[in-house]
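This report refers to the structure that appears directly beneath it.
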Amino acid sequence: MVLTTLPISISPAKALTAITVIPQFPQNPKTLILHRCKTTRDLNQVHAHLIKTRLLLNPAITENLLESAALILPNAMDYALSIFDNLEQPDSLAYNIIIRSLTFKQSPLNAIVLFNKMVENSVQPDEFTFSSVLKACSRVRALGEGEQVHAHIVKCGFKSNGFVVNTLIHVYATCGELEVARQVFDGLPERNVMAWNSMLAGYVKNERWGEVVELFRKMLESDIGFDGVTLISVLTACGRVANLELGEWIGEYIEANGLKGNIALVTSLVDMYAKCGKVDKARRIFDGMDRRDVIAWSAMISGYGQANRCREALDLFHDMQKANVDPNEVTMVSVLYSCGVLGALDTGKWIDFYVKKKKMKLTVTLGTALIDFYAKCGCVDDSVEVFNRMPSVNVFSWTALIQGLASNGQGKRALEYFKLMQEKNIKPNDVTFIAVLSACSHAGLVDEGRNLFVSMNNDFGIEPRIEHYGSMVDILGRAGLIEEAYQFIRNMPIQPNAVVWRTLLASCRAKKNVEIGEEALQQIIRLENPHSGDYILLSNIYASAGRRGDALRVRNQMKEERIEKVAPGCSLIQVDGTIYEFFAENKVYPHSEEVYNATHDMMKQIEAAGYVPNTADGRLDAEEDDMQQASVSHHSEKLAIAFGLIRTRPGTTLRILKNLRVCTDCHNATKIISKVFNREIIVRDWNRFHHFKEGSCSCNDYW
DNA sequence: ATAGGGTTAG
């Protein structure tokens, strides 16, 4: 068909946004339609014109129209579909356009439906058709449909087509069918780098790290070469399995071959170093990048978090903002993690606010991070609030919520959510049960705990791990059933570890059981290098049983055997967004005098209210440094609370974070402080919370 | 017209 002059007259009342006059239909009609149609209405005009001039009978023109509607304009998919439906005999090109746009824009499932229709109508698919429909299968993880497409690929003779097979590998990998993907890969007569990369990416997606490394070695042997994309997959694996050797080799390769401009590649190098514990090296590489995008920043922030260097993570987040790089949901997840570890309530709240203000999508991951963050700051009501406003939740979110409630002493409420979770047909997993058992422990629900422990295996098919046994010991011990807990350990089908015995030892301290406490410490010593805390627990058991001589003997034994001391007692409190750090005794602070005076006054006031220092085992408690003979009244926790009392307005909740467990004397004192000063005091120790209020604590004096 | 890639949660 020869195109001649096409006068398009447009009535002034319905002026087009883009098109005014088209003096001549161009040689390539695509440029006209694609470039000048800015809105559906423009397209409508052109469409009308094409019908009027019968140009629509030309398939090439029709396809251009279709492509404009389906792929170029943002909201014209329905329009495209109506054009398509009116075609008498759409050819494969027309099908391809619609399948491709359905895949990416609207509904991958409909793309698959259309592909089947295409086959029914005996229109020959080509490599473009297969690639598109396979992408659709990947997006909805439609394994069965993918397999059917696979059959057509074989029938139509495309099973060696690089493009098609690549996408096919992708489908199988996305659906977790790595063995099938590998068969397809192995069956290729010629494998280019893309094919290898797809296979590697498939292993990465399924966290089969060992296979990534293995396949990469084969790739090196096969002499096919590799590229930056290959290295990204391999570096990801190196990070996860801590294969620093291979990771460093790749790092040198990147350096030597001038690949440092590949921002994605260098980011995965940063990630690899961070995950292998070389955070400083990661930071040097990060600093050496000539451009850093949001992913690079997020990777480095997350690296600090994983290395337990959360303050640096937050500092870096601050730098990121100064660099004017907008954070995304992923960045926020890492920042919230660090906020949670540090108990940085203000910063995390700010993130929550920012997420709302910027209308960021509350993804499952981000929501779960918020739930966990609030719970780690002792604000479980906020956790629940976040949970309720999340558009969708998964087992991670439920588990975070249940765990958060449990660790904050709300065991019963945690179990209610567990029940609700089952009503919503969300299948709990092994970690959920750790949370649930911990809830039973906090709520003192022994029978419930026993039943759940049995049920997790019988009804949910989850084999209890050592952590579950540990939780069960905690449940029994907390309820005072020390003997039963001991027998439970003895009868465990798997080898108990030191953590389990330590749990028992802690319960012996709370319930003053000397005999089993002694046994527990023996077992810990047998299994691993004991902590000084273990000796201190036993020493406290003796002290509380009035056996002061034995208590001192254990302390001396600890010294003689040069048991490594735990980190010195340290408490953090945030006042007006600043984190203040306190250590037990003999430390000088910027506000030393103020702090010690405040502590002195505070102790005087609670003594007047009936507080008696527990010198008997207080002197031997966790935070003591025996060389210094520190006084219990100068435990870091008391200093932090005293500081909080004078630096905040009356009635303000005090939030303390400490690195060790709370000592008996501090626990007792804090209860009285909460009453005398009428303050809520929330203390987070190394694994649980104490909510002090009106003279009592949420832990019911067991921790 | 079509291919593979980096950061995230319990």
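These numbers come from a predicted model, not from an experiment. Every chain is numbered from 1, with letters handed out A, B, ... down the list of sequences.
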Worksheet item: Between B:dA9, B:dG4, B:dG6, which nucleotide has the shortest distance from any of its atoms to the side chain of A:Ala296?
Response: B:dG6
Listing, residues 416-426 of chain A side-chain donor-acceptor contacts under 3.5 Å, not counting sequence neighbours, or none:
none

Practice prompt. Looking at every strand, decide which applies to A:Ser233 at a 4.0 Å heavy-atom threshold: base, sugar-phosphate, or nothing.
Written response: nothing
Worksheet item: So, is A:Lys205 near the phosphate of B:dG5, with a side-chain N or O under 4.0 Å from OP1 or OP2?
Response: yes
Practice prompt. Return the minimal non-hydrogen interatomic distance between A:Val193 and A:Phe226, and the atom names on each side.
Written response: CG1-CA, 4.3 Å
Worksheet item: Would you call A:Asp287 and A:Arg283 a salt bridge, taking side-chain N to carboxylate O under 4.0 Å as the test?
Response: yes
Practice prompt. Report which part of the nucleic acid A:Ile263 touches: base, sugar-phosphate, or nothing (heavy-atom distance under 4.0 Å, all strands).
Written response: base
Discussion item. Ignoring hydrogens and geometry beyond distance, is a side-chain donor-acceptor pair present between A:Ser471 and A:Asp474 at under 3.5 Å?
Written reply: no
Discussion item. Determine whether a donor-acceptor pair (one donor, one acceptor, N or O, separation below 3.5 Å) exists between the side chain of A:Asn197 and the base of B:dG5.
Written reply: no
Item to complete: Go through the structure and list residues passing salt bridge (Lys or Arg N to Asp or Glu O under 4.0 Å) with A:Asp227, not counting sequence neighbours.
Response: none
Fill in: Value rounded to 0.5 Å, distance of CZ in A:Phe286 from CG in A:Leu316
5.0 Å
Fill in: Residues A:Asp271 and A:Ser268: side-chain donor-acceptor under 3.5 angstrom
no
Worksheet item: Residues from residues 421-441 of chain A sitting under 4.0 Å of DNA chain B, heavy atoms only?
Response: A:Asn429, A:Val431, A:Thr432
Fill in: Partner set under salt bridge (Lys or Arg N to Asp or Glu O under 4.0 Å) for A:Asp290, not counting sequence neighbours
none
Discussion item. Expected output is a numbered-order residue list: members of residues 358-388 of chain A with a heavy atom under 4.0 Å from any atom of DNA chain B. What is it?
Written reply: A:Val364, A:Thr365, A:Thr368, A:Asp372
Worksheet, complete the sentence: Between CG of A:Asn262 and C1' of B:dT7 the distance, given in whole Å, is 15 Å
Response to the item:
Taking B:dA1, B:dT8, B:dG4 as options, the one with an atom nearest any side-chain atom of A:Arg100 is B:dA1
Practice prompt. Let me know the distance between CE of A:Met300 and P of B:dT8, rounded to the nearest Å.
Written response: 12 Å
Discussion item. Mind checking if A:Arg240 touches a base, just sugar-phosphate, or nothing, with heavy atoms under 4.0 Å?
Written reply: sugar-phosphate
Practice prompt. Look at A:Thr167 and B:dA3 and indicate whether a side-chain polar atom (N or O) is within less than 4.0 Å of OP1 or OP2.
Written response: no
Worksheet item: Near DNA chain B, under 4.0 Å by heavy atom, which residues of residues 124-138 of chain A?
Response: A:Glu127, A:Phe128, A:Ser131, A:Lys135
Practice prompt. Tell me what A:Ser198 touches on the nucleic acid: a base, only sugar-phosphate, or nothing, going by heavy atoms under 4.0 Å.
Written response: sugar-phosphate
Worksheet item: Just how far, in rounded Å, is C1' of B:dG10 from CZ of A:Arg465?
Response: 12 Å
Worksheet item: Do we get A:Arg100 above A:Phe128's six-membered ring, with its NZ or CZ under 6.0 Å from the centre and within 45° of the axis?
Response: no
Worksheet item: Whole Å only: how far is the CZ atom of A:Phe317 from the C1' atom of B:dT7?
Response: 14 Å
Worksheet item: For the pair made of CZ in A:Phe104 and P in B:dA3, what is the distance, rounded to whole Å?
Response: 7 Å
Discussion item. So if I take residues 306-315 of chain A and measure heavy-atom distances to DNA chain B, which residues fall below 4.0 Å?
Written reply: A:Gln306
Worksheet item: Do other residues, nucleotides or ligands put more than 12 heavy atoms under 6.0 Å from the NZ atom of A:Lys205?
Response: yes
Worksheet item: How long is the line joining CG of A:Asp271 and P of B:dT8, in whole Å?
Response: 5 Å
Discussion item. Counting distance alone, no hydrogens or angles: does the base of B:dG10 have a donor or acceptor under 3.5 Å from a partner atom on the side chain of A:Asn394?
Written reply: no
Discussion item. What contact category does A:Asn192 fall into here, base, sugar-phosphate, or nothing, at under 4.0 angstrom with non-hydrogen atoms?
Written reply: base
Worksheet item: Which is true for A:Leu336 with a 4.0 Å heavy-atom rule: it touches a base, it touches only sugar-phosphate, or it touches nothing?
Response: nothing
Worksheet, complete the sentence: Considering only heavy side-chain atoms of A:Ala201, the closest of B:dT7, B:dG5, B:dT2 is B:dG5
Discussion item. Applying salt bridge (Lys or Arg N to Asp or Glu O under 4.0 Å), can you list everything that pairs with A:Glu312, at least two apart in sequence or on another chain?
Written reply: A:Arg309
Worksheet item: Looking at B:dG10, B:dG6, B:dT8, which one has an atom nearest to any side-chain atom of A:Ser302?
Response: B:dT8
Worksheet item: Nearest to the side chain of A:Ser298, which nucleotide is it out of B:dT7, B:dA9, B:dA3?
Response: B:dT7
Worksheet item: salt bridge (Lys or Arg N to Asp or Glu O under 4.0 Å) with A:Arg413: which residues, sequence neighbours excluded?
Response: A:Asp381
Worksheet item: How would you list all residue pairs meeting side-chain hydrogen bond (donor to acceptor under 3.5 Å, both in side chains) that involve residues 186-195 of chain A, not counting sequence neighbours?
Response: A:Arg182-A:Asp186
Worksheet item: Which pairs with one or both residues in residues 388-411 of chain A pass salt bridge (Lys or Arg N to Asp or Glu O under 4.0 Å), sequence neighbours excluded?
Response: A:Asp352-A:Arg389, A:Glu385-A:Arg389
Item to complete: Round to a whole Å and report the spacing from CZ of A:Phe185 to C1' of B:dG4.
Response: 12 Å
Discussion item. With the criterion set at under 5.5 Å between ring centres and under 30 degrees between planes, would B:dT7 be stacked on A:Trp297?
Written reply: no
Practice prompt. Let me know the distance between CG of A:Leu102 and C1' of B:dA1, rounded to the nearest Å.
Written response: 16 Å
Worksheet item: Please, which pairs that meet salt bridge (Lys or Arg N to Asp or Glu O under 4.0 Å) have at least one residue in residues 425-440 of chain A, sequence neighbours excluded?
Response: A:Asp430-A:Arg465
Worksheet, complete the sentence: Between A:Trp196 and the options A:Leu215, A:Leu188, A:Ile169, the side-chain contact (heavy atoms from CB on, under 4.5 Å) test singles out A:Leu215
